[in-house]
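Structure record follows, encoded as C-alpha cells.
Residue numbers start from 1 in every chain, and the chains themselves are labelled A, B, ... in the order their sequence lines are given, proteins ahead of strands.
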Amino acid sequence: MSIHVHSCPFVVNIGFVMSERRKPYPFDHIDPKWQAIWQERQLFHAPNPGEKHFDPAKPKFYVLDMFPYPSGAGLHVGHPEGYTATDIVARYKRMRGFNVLHPMGWDAFGLPAEQYAIKTAEHPATTTRANIAKFKTQLKRIGFSYDWQREINTTDPRYYKWTQWIFLQIYNSWFNPDTKKAEPISTYRGTDPDSVRLAYVADFPVNWCPELGTVLANEEVVDGKSEVGGFPVVRRPMRQWMLRITAYAERLLNELDGLDWPEGIKLLQRNWIGRSEGAEIDFSVAGGDDHGLTVSARDYKIRVFTTRPDTLYGATYMVLAPEHSLVDLIVSEEQWPAVREYRERAARKSDLERTELAKEKTGVFTGAYAINPVNNERIPIWVADYVLPGYGTGAIMGVPGHDERDLAFARKFNLQIHEVVQPLGDEDPIGFVGEGIAINSPVIEGLPSREAIRKITEWIEQHDLGKGAINYKLRDWLFSRQRYWGEPFPIIWENGKHRALDDEELPVVSPPLEEYKPTGTGEPPLARAREWVRYSDKALRETNTMPQWAGSCWYYLRFCDPQNDQRFVGEEAERYWMGGVNDEARMANDEGMTKPKPRKANEEIRHSKINSSFVIRHSSFPAKPGGVDLYVGGTEHAVLHLLYARFWHKVLFDLGYLSKPEPFQRLVNQGIILGEDNQKMSKSRGNIVNPDDVIDQYGADAFRCYEMFMGPLEQMKPWSMRGVEGVARFLARVWRLLMTENQAGDWELSARIKDIDPTGAETKITHATTKKVTEDIESLSFNTAISQMMIFVNVFIKAETLPLSAMRRFLILLNPFAPHLTSELWEKLNAKFRDNAGDITDQKWPDYDERLLVEDEVEIVIQVNGKVRHRMKMSIQATDEEAKAAALANPEIQKFTAGKTIRKIVVVPRKLVNIVV
RNA sequence: GCCGAUGUGGCGAAAUGGCAGACGCAACGGACUUAAAAUCCGUUGGGCCGUAAAAGGCCCGUGCCGGUUCGAGUCCGGCCAUCGGCACCA
C-alpha cells in the first residue's frame with residue numbers, strides 16, 4: 001500500500017476514509033459471489049471428447065496463455081494483461097458456440113526459482129509451492145475463466161514423468177536426412193547409432209557460469225553474461241547432453257510460413273536460425289620446405305565454408321579457429337609455442353572478451369601453408385579467434401579484398417590483398433563486399449557475382465574440391481544443467497555408456513536433497529545423493545538435470561488431457577484440441593472471424609524479400625499447420641521457448657504422436673506495461689503496481705477493463721491509477737444505469753427499464769455497438785471496443801426509458817470484459833422480468849444487422865482545393881450529379897468559386913465533394 | 001554496424017487515402033452541498049479575426065525534409081529520435 005502514496009494520497013493519509021468510503025458500486029460483494037458460483041458450478045470446465053456433457057457438434061477453440069513462472073514477488077500488473085485478453089476471447093468464443101480450451105498452469109522448474117530458494121534459505125520445493133499458491137490466489141481474484149481442473153505444474157512428478165518420456169522419444173530417434181523426419185533409432189542402418197541420436201552426449205567447450213555453477217545454452221547467454229543474474233560466462237570443455245535441433249533447422253525455418261505470427265517474431269526466428277547459402281571448399285595443406293612438416297601433413301585438407309565462392313581467387317590466407325582439431329597437426333615446430341600460448345589465452349577468454357571487447361583482431365601464424373585450389377598459390381595458415389569453432393567448418397579462407405573482417409586482419413598482419421570483384425559503381429574495390437563483376441578470376445572472369453557463384457561452385461564440384469552447401473547459425477541445444485531444481489534424466493551409465501531407462505521406471509524422481517546448492521565444480525548436486533545415484537552394482541544414474549525450458553516445451557499438449565496416466569496426451573483429446581479432426585467445422589464457423597488484421601503493404605514487401613527459392617514445401621503440408629488457435633505472451637520468448645517447443649513438437653509429430661506439425665497457429669505478443677513514471681517496473685525503482693491493491697480499490701472488472709483500455713494490446717504503455725479510476729467510473733455508470741438507490745439506501749433495479757421496443761435511434765446505437773465490439777474482439781482491439789460501450793452508456797444514461805432488450809444485449813457485450821458486474825445485473829433483470837432468459841454465460845452472442853446501421857441522411861463535406869469549406873445534409877440516395885450540383889449551388893462555396901474556372905470535381909459518394917479551381 | 005518496431009493535444013489514445021484528436025484522464029467553469037467527496041452539465045490542439053456576448057470565419061498543426069494525389073497521420077524516397085533484437089556467423 002505504501003508504494004501508492006503518491007498516486008492516492010488521501011486514501012493513505014486518512015486510512016479510515018477508505019473503508020468508510022462508499023464504493024461506486026458494490027464490487028466487493030459481487031466479485032467473490034460470482035467467482036464462488038463459477039467455481040461451484042464448474043462453469044468453465046471443458047469436457048474432452050467422450051466425457052460427460054461433451055458436445056461434438058461445437059467447433060473447438062484453444063486459447064492459451066504463456067503459463068507463468070511463479071516467482072516469490074507475486075503477480076504484477078504486467079502478467080494479467082495477456083491473461084485478460086485471452087479471457088475475453090475465451091468468454092466471447094463460448095458465447096459464440098465454441099468448445100473453448102482455456103487452461104492455466106505453472107512453469108516452476110529452473111534457475112530463478114532455485115536462486116530465490118537459495119536466497120531465502122528454503123528448499124525450492126517449499127518456495128515453489130508457496131509461490132504457486134500466491135499466484136493462484138491472485139489470478140482467481142481477477143475472475144479468469146480458466147478450467148482449473150486442467151491445472152498443471154511442471155515440477156509435479158505426474159507431469160515430468162512425461163517430460164522424461166518425451167526426452168526418451170528424442171533419445172531413441174534419429175533424423176533421417178532422406179525423409180527429413182525423425183525416425184525410431186531402430187531404422188538407422190549405420191554402425192554407431194549413438195552418433196546420430198537426436199539426444200546425444202558431447203564433450204566440447206560450453207558456456208560455463210561459475211557464479212550459477214552450471215552450463216548455459218547459447219540462448220541463455222546475453223552479452224557474455226548469464227541471462228539470469230547477469231554473471232560472467234566462460235568457455236570450458238565439459239561432457240554435456242545435447243539435442244540435435246540443427247537437424248530441424250530447415251523445417252523450423254520453412255514451416256514458419258504458414259503461421260499467423262507477427263512478422264517481427266518470425267524474422268527473429270529466421271535470423272536466429274541464420275541460414276546461408278554458399279560452398280564448402282577443400283584446401284590442401286602444403287608441404288613445408290623448412291618448416292619441419294612431416295610428409296603426411298601434405299595429406300591434410302582444410303575445409304572452409306564461404307558464402308562467396310566467387311572470391312576464391314582473392315583468398316590470400318586461411319584462418320583456423322583456435323579450437324580447430326587440425327591446428328595441432330599442421331603447426332610448425334617453430335611456431336608451436338606461440339600458437340599454444342594463443343590458444344590457451346583464447347580458451348580463457350570469456351565470451352564478452354572474445355566478442356565485444358575484441359575490436360582489434362588478434363591471431364598467430366601456424367608456420368604452415370595451404371594451396372588455393374583454384375590457382376595453386378601457397379597461402380599462409382593462421383589461427384585467430386575471430387573465426388568461431390561452432391560455425392561452418394571452423395575454418396575460413398581469408399579474402400581481405402572483399403570482406404571487412406578479413407581486411408582488418410590482413411592489414412594488421414600485412415597479408416596480401418587481391419581485388420577480384422569489380423564494383424558496378426565507383427566504390428573502392430578494396431573492401432567491397434557487394435555484388436559486382438568477377439575480375440582476375442580466369443574461371444569466372446567477367447561474370448556478375450551471382451552467376452560467378454553458380455559457375456565456380458560447379459567448377460569446384462567437377463574438380464572434386466568441394467560442393468555447394470547451406471549453413472545455419474543455429475547450434476545444437478545444450479540440454480543439461482548442473483543444478484538441483486530440474487527434471488532428472490531418465491538415463492543410466494554402465495561401463496562408460498549411456499542407456500535409457502524403461503518407460504515403466506518413469507518418473508525418475510529427484511532425491512529430496514537438503515544440500516541442493518550447486519557444487520561449484522561442475523559436478524551436479526544430484527551426485528551428492530549417493531544412494532540415489534547407485535542404480536545397480538554396475539550402473540549409475542545420470543546426475544545432470546534438464547533446463548528450465550523442458551517443461552514448457554510441451555505443456556500446451558498436456559493441457560489437452562492433463563489427468564492421463566497412460567499417455568502424455570490421449571490421442572483423441574490431442575486430435576480434437578490441437579485441431580486434427582475439427583478443422584472443417586472450425587473453418588466454417590470461423591470464416592473471416594479470427595483472421596489477423598490485414599497486414600500493411602510494407603509488411604508484405606518485407607516478407608517477400610525472404611529468399612524462398614530454396615524453400616522445399618511438402619505438398620501435404622497444411623495451410624494452417626498449428627494446433628493452438630490463439631497463443632498470447634511476451635516477446636521475450638520469441639526465440640527460446642517458441643523455437644524449442646516447435647522443435648519438440650516436430651519430433652513428436654514425426655514419430656506419429658501428434659496430428660499437426662506446428663504447435664501454435666496464431667501468436668500475439670502483449671506489450672510491456674511500464675510504471676507510472678514511464679520506466680520499466682522494478683523493485684529498485686519502487687514503481688511496481690500490484691493487482692491486489694487495484695482490485696481492493698476498484699474491483700476486478702475495473703482492473704480487467706483498464707488493462708484493456710490502456711491501449712493496443714501489443715504496445716508498450718505506462719500504467720495510470722487515474723486511468724483505472726476513469727474505467728471504474730464507467731462501470732459505476734453501467735451499474736447506475738440499471739440500478740437506483742432507494743430511500744433506505746439499498747440498490748434496486750431502475751424503474752426506467754421497461755420491456756418495450758427501442759426507438760430507431762436506440763436500435764441503431766445498439767447494433768452499431770454490437771458490430772464494433774464483435775469486430776474489435778476478433779481483432780483484439782479491446783481498447784476501442786470499450787470506447788464504443790462507453791458511448792453506448794453515455795447515450796442511454798440520458799434516456800427516460802431503457803428498453804429491456806437493448807440492456808440485455810449490452811450486458812452480453814460487456815460480459816467478457818466485466819463478467820462479475822454483468823452477471824449480477826443480468827441476474828437482477830431475470831429476477832424482475834422473469835422472461836426465462838437463463839444465465840448470462842449461457843447466452844448466445846448477439847448478431848447485428850448492417851441494414852439498421854445505414855443513415856438515411858448523411859452529412860457531406862464540401863471541399864475547395866482539398867480544404868473543407870462547408871458541409872451539407874443530403875439523402876443517402878443522392879447521386880454524384882446531385883451532390884455536385886448542390887455543392888456548386890451552395891452560396892458559401894460560391895464565395896470560393898466566384899470568378900474562377902472549375903477544373904475538376906471529385907465526388908466520394910456519401911462522403912464529400914471536392915471542387916478544384 | 002545490421003535488422004525490426006514506434007513517433008499524433010498537458011497525458012493514455014482514435015482515425016477503409018476523404019471533417020485529425022473518437023473514447024478516457026487531467027485541467028477549467030457551473031449545478032447539487034453548510035462544506036467537501038461522489039454525481040451531473042459545459043469548455044478544453046495552437047494562433048488570429050469577429051461580436052456587448054454569442055453565432056460565425058480564417059491560418060497553422062500528426063518527429064524533420066521532399067514526392068505522388070483533387071485530397072496524405074495514412075502511400076513513396078531521404079533524414080532524425082526512442083525502444084527492441086542480432087552482433088567477428090565467413
query: With a 4.0 Å cut-off on heavy atoms, is A/Met397 in touch with a base, just the backbone sugar-phosphate, or nothing at all?
result: nothing

- request: Send over the distance from A/Asn794 CG to B/rG42 P, rounded to a whole Å.
  value: 10 Å

message: How many whole angstroms separate atom NZ of A/Lys266 from atom P of B/rC3?
response: 20 Å

- request: Could you let me know what B/rC40 is paired to, Watson-Crick or G-U wobble, both distances under 3.5 Å, or none if it's on its own?
  value: B/rG30

message: So A/Arg733, base contact, sugar-phosphate only, or nothing? Heavy-atom distance under 4.0 Å.
response: sugar-phosphate

task: If B/rG7 has a Watson-Crick or G-U wobble mate with both distances under 3.5 Å, name it; if not, just say none.
output: B/rC80

task: Using a heavy-atom cut-off of under 4.0 Å over every strand shown, decide if A/Gly274 touches base, sugar-phosphate, or nothing.
output: nothing

- prompt: Hey, is the side chain of A/Gln863 pairing donor to acceptor with the base of B/rG18 inside 3.5 Å?
  reply: yes

task: With P as the reference atom in both, quote the distance from B/rG4 to B/rG47 in angstrom, rounded to an integer.
output: 41 Å

- request: Could you tell me the separation between the CD1 atom of A/Ile786 and the P atom of B/rA13, rounded to a whole number of Å?
  value: 14 Å

task: Report the nucleotide, chosen from B/rC40, B/rC86, B/rC59, that has the shortest atom-to-atom distance to any side-chain atom of A/Arg736.
output: B/rC40

message: Name the residue from A/Leu738, A/Val734, A/Leu737 that meets the side-chain contact (heavy atoms from CB on, under 4.5 Å) definition with A/Phe796.
response: A/Leu737

message: Taking any heavy-atom pair under 4.0 Å as a contact, classify A/Asn783: base, sugar-phosphate, or nothing.
response: sugar-phosphate

message: Quick one about A/Glu707 and A/Thr84 (side-chain donor to acceptor, distance below 3.5 Å, no hydrogens or angles considered), yes or no?
response: no

- prompt: Which one, B/rG18, B/rA90, B/rC23, comes nearest to the side chain of A/Ile791?
  reply: B/rC23

- request: Whole angstrom is fine here: how far is it from CD1 in A/Ile672 over to P in B/rC83?
  value: 13 Å

query: Within less than 4.0 Å of OP1 or OP2 of B/rA26, is there a side-chain N or O belonging to A/Arg729?
result: yes

message: Distance check needed: B/rG24 P versus A/Trp719 CH2, whole Å only.
response: 19 Å

query: In the structure shown, which nucleotide is the Watson-Crick or G-U wobble counterpart of B/rG12, with both distances under 3.5 Å?
result: B/rC23

field: Value in whole Å for how far the C1' atom of B/rG84 lies from CD of A/Glu263
entry: 17 Å

field: Syn/anti label of B/rG30 as read from its glycosidic torsion, with the cut at 90° from 0
entry: anti

message: Distance check needed: B/rG57 P versus A/Ile893 CD1, whole Å only.
response: 11 Å

- prompt: Taking atom P of B/rG24 as reference, at what distance in whole Å does atom CD1 of A/Ile797 sit?
  reply: 11 Å

